[in-house]
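Report on the following structure.
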Amino acid sequence: MDEPIGVFDSGLGGLTVVHAIRERIPGERLIYLGDTARVPYGTRSAETVVKYALACARQLVARDVKMLVVACNTVSAVALEALREELGIPVLGVIEPGARAGARASRSGRVGVLATSGTVSSGAYERALRAVDPSLQVVTQAAPLFVPLAEEGWVEGEVPERVAERYLAPLVPHEIDSLVLGCTHYPLLAPVIRDVARRLFPSEVTVVDSAAATALELDRLLDERGLRSSRGERGLEVLVTDQPGAFSIVASRFLGESLGDFPVESIDL
Ligand code: DGL
């Protein structure tokens with residue numbers, strides 16, 4: 001199975017998932033599609049997100065991907081079923097792996113989730129966490145300002161700290177001890193979130209990154225479905241629907257390496 005794995009997101013944030021996959025599974029070729037012309041998805045209706053997600057997926061299927069990783073939490077929250085119904089290939093979302101890792105990290109059974117408004121209102125993380133353990137207490141918090149902060153690279157200092165305080169404060173009375181970062185962009189703010197959590201919560205809170213959990217799950221799935229590439233070729237091709245001003249700086253930040261080393265193609269959906 002030497003075809004590439006397709007990965008897509010509403011924009012460039014999903015490159016945090018590509019980074020995690022490249023770290024964990026170096027021997028696979030990846031095609032990443034970022035719908036940069038229509039980001040953000042997190043504030044849109046579920047119907048619109050499903051429509052956009054199907055367009056992204058069809059584009060990747062036309063490029064012969066052997067399976068699809070939905071790097072976007074908002075798409076994973078509302079469109080996974082529609083994607084699985086239409087596409088004849090395995091589809092992996094980020095919510096179930098993130099929820100399993102979040103549940104594993106909790107000793108108290110009280111788990112917090114930070115996500116976009118769309119993901120929070122879908123209830124997808126509550127469902128996924130309760131599927132792991134019905135006795136879990138789950139509290140979700142929308143953290144929309146983290147998305148533009150990550151895009152701007154404003155990931156340390158006073159401003160992100162103040163924003164993190166506002167988002168984490170409502171979780172303090174719930175005495176969570178595990179906090180899932182349920183959005184592609186939030187791993188960039190993980191150091192600030194960890195610092196602020198250390199200050200606000202009386203006991204330790206483990207911050208869980210769903211990108212790393214998804215890469216782990218993908219690794220397992222490749223063997224389970226007999227999809228692992230025999231060539232061990234490493235590669236990344238990037239497709240975007242728009243290339244805004246600071247495109248390659250922002251993309252490199254999410255990817256954790258220079259985007260300059262990879263082919264980037266602008267496409268229309
Ligand atoms: N990719 C989205 C997510 O993970 C965040 C950005 C957006 O709102 O589109 O939910």
Side-chain angles (χ1 to χ4, degrees), residues 16-17 20 24 41-42 45-47 49-50 53 67-85 90-144 146 164 167-187 190 193-194 197-198 200-225:
T16 55
V17 177
R24 172 90 210 172
Y41 286 6
S45 70
E47 292 73 28
V49 173
V50 170
M67 67 170 294
L68 200 62
V69 177
V70 179
C72 181
N73 285 258
T74 309
V75 171
S76 301
V78 302
L80 221 50
E81 224 165 278
L83 291 168
R84 285 185 175 141
E85 247 166 50
V91 179
L92 175 67
V94 283
I95 290 189
E96 281 170 16
R100 274 197 291 274
R104 255 198 317 273
S106 176
R107 295 163 307 277
S108 68
R110 292 184 294 273
V111 180
V113 180
L114 296 175
T116 65
S117 312
T119 301
V120 167
S121 57
S122 74
Y125 268 103
E126 281 97 331
R127 282 194 297 281
L129 280 157
R130 297 230 168 83
V132 178
D133 177 355
S135 72
L136 287 177
Q137 285 175 42
V138 184
V139 44
T140 54
Q141 168 72 43
F146 281 161
Y167 290 148
L168 292 183
L171 301 177
V172 175
H174 297 277
E175 297 179 0
I176 58 162
D177 65 352
S178 157
L179 178 64
V180 180
L181 303 184
C183 174
T184 48
H185 288 58
Y186 301 175
I193 295 170
R194 272 197 201 95
R198 228 172 269 133
L200 293 188
F201 288 85
S203 45
E204 202 193 325
V205 175
T206 305
V207 174
V208 176
D209 173 351
S210 62
T214 303
L216 216 82
E217 181 74 15
L218 175 63
D219 203 12
R220 199 188 58 76
L221 212 65
L222 287 172
D223 287 331
E224 190 186 287
R225 305 277 179 111

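All residue numbers in this chain count up from 1 along the given sequence.
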**Asked** Any salt bridge (Lys or Arg N to Asp or Glu O under 4.0 Å) pairs touching residues 205-219, not counting sequence neighbours?
**Response**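 Every pair satisfying salt bridge (Lys or Arg N to Asp or Glu O under 4.0 Å) with a residue in residues 205-219: R24-D219, R100-E217, E217-R220, D219-R228.
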**Residue pairs involving residues 170-179 (criterion salt bridge (Lys or Arg N to Asp or Glu O under 4.0 Å); sequence neighbours excluded)** = R107-D177, R110-E175
Partners meeting side-chain hydrogen bond (donor to acceptor under 3.5 Å, both in side chains) with [X] (sequence neighbours left out):
X: T184; answer: none
X: S135; answer: D133
X: R198; answer: D195

I need the minimum non-hydrogen distance between [X] and [Y], along with the two atoms involved.
X: T140; Y: V120; result: OG1-CG1, 3.7 Å
X: L136; Y: R130; result: O-NE, 3.3 Å
X: G93; Y: T214; result: O-CG2, 4.1 Å
X: S210; Y: G98; result: CB-CA, 3.7 Å
X: A20; Y: A211; result: CB-O, 3.5 Å

In Å, rounded to the nearest 0.5 Å, how long is the span from [atom1] of [X] to [atom2] of [Y]?
X: Q137; Y: S106; atom1: CD; atom2: OG; result: 9.5 Å
X: H174; Y: S108; atom1: NE2; atom2: OG; result: 12.5 Å
X: L200; Y: I193; atom1: CG; atom2: CD1; result: 12.0 Å
X: L218; Y: R225; atom1: CG; atom2: CZ; result: 11.0 Å

Please examine the side chains of [Y] and [X], heavy atoms only from C-beta on, and report whether any two atoms are closer than 4.5 Å.
X: L222; Y: M67; answer: yes
X: V78; Y: Y41; answer: no
X: L129; Y: V113; answer: yes
X: Y125; Y: N73; answer: yes
X: L168; Y: L114; answer: yes
X: P97; Y: L92; answer: yes
X: L181; Y: V208; answer: no
X: V180; Y: V111; answer: yes

**Request:** List the steps and the verdict of side chain to side chain contact (heavy atoms under 4.5 Å, CB included) for L179 and T206.
**Result:** CA-CA 6 Å; L179 178 64; T206 305; over 6 Å; no
**Prompt:** Given the rule in the side chain to side chain contact (heavy atoms under 4.5 Å, CB included) test, do L83 and V75 qualify, once you have shown the distances and angles that lead to the verdict?
**Reply:** CA-CA 10 Å; L83 291 168; V75 171; 4.1 Å; yes
**Asked** Does R84 use its side chain to pair, donor to acceptor, with the backbone of V91 at less than 3.5 Å?
**Response** yes
**Item:** Under 3.5 Å: donor-acceptor pair, side chain of S76, backbone of V94
**Value:** yes
**Asked** Judged by modelled atom types alone, do T116 and T119 share a side-chain donor-acceptor pair under 3.5 Å?
**Response**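 T119 and T116 do have a side-chain donor-acceptor pair below 3.5 Å.
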**Complete:** Residues at least two apart in sequence or cross-chain that pass ring pair (Phe, Tyr, Trp, His ring centres under 6.0 Å) with Y167, listed by chain then number, are F146
